[in-house]
Amino acid sequence: MNKSIVNQQSIKQFNTNKILKLLTSTEMISRAELAKQTGLNKATVSKITDELLNENLIIDLGYGISSGGRKPKLLKFNPDAKYIVGINRRQ
C-alpha cells in the first residue's frame, strides 16, 4: 500500500479520535468549539462530524444561542451508538 495513503488514513483516524474523545467528555458542543479545542481547522471538523452524523455516532441537537454571530449548531455523542474498540498492535 502507498505510504502517503497510510499516512492520510492515520491522520484522519487520529483527528476523528480527537473529536470523538472531546464529544464523549462534553454534554454538547459546536463545530466551532470542536475546532478551537482540538486545534483542527473548521473544514476538517465539519467533514469528520458529517461522517460521524451519517454513522449515527453523534447527534445534531439543532441550533444553540448566538453570542453575536451565526447560531452554533450543537452536537453530542450518541449514547446509543455502537461501541468502538481500538487495538494498535505494532510489529
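Computed over heavy atoms, backbone and side chain alike; hydrogens, waters and symmetry mates excluded.
Evaluation of the side chain to side chain contact (heavy atoms under 4.5 Å, CB included) rule for S46 yields R31 as partners, not counting sequence neighbours. Shown here are the salt bridge (Lys or Arg N to Asp or Glu O under 4.0 Å) partners of K73, two or more places apart in sequence or in another chain: D60. Residues passing the side chain to side chain contact (heavy atoms under 4.5 Å, CB included) test with I11, sequence neighbours excluded: N15. For the side chain to side chain donor-acceptor pair (under 3.5 Å) test, no residue two or more places apart in sequence or in another chain qualifies with N54. T16 meets the side chain to side chain donor-acceptor pair (under 3.5 Å) test with no other residue; sequence neighbours excluded. In this view, K12 and E51 satisfy the salt bridge (Lys or Arg N to Asp or Glu O under 4.0 Å) rule, not counting sequence neighbours.
Within the structure, side chain to side chain donor-acceptor pair (under 3.5 Å) pairs that include any residue of residues 19-29 do not occur (at least two apart or interchain). Counting only residues at least two apart or on different chains, no salt bridge (charged side-chain N to carboxylate O under 4.0 Å, His left out) pair has a member in residues 33-48.
With K71 contributing its side chain and I65 its backbone, the two residues share no donor-acceptor pair below 3.5 Å.
Using a 4.5 Å heavy-atom threshold, the side chains of T49 and L75 count as touching. Contact check for I48 versus I19: side-chain heavy atoms found under the 4.5 Å cut-off.
In this structure, the separation between OG on S30 and CD on Q37 is 9.0 Å, given to the nearest 0.5 Å. Note: L34 CG to T44 OG1 = 12.0 Å, rounded to the nearest 0.5 Å.
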Side chain to side chain contact (heavy atoms under 4.5 Å, CB included) between L23 and I58, worked out: CA-CA 8 Å; L23 281 161; I58 61 175; 3.5 Å; yes
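The hydrophobic cluster containing L22 also contains L53, counting ILVMFWY residues as joined when their side-chain heavy atoms lie under 4.5 angstrom apart, directly or transitively.
Cluster partners of I59 are M28, L61, L74, counting Ile, Leu, Val, Met, Phe, Trp and Tyr whose side-chain heavy atoms approach within less than 4.5 Å, directly or via other members.
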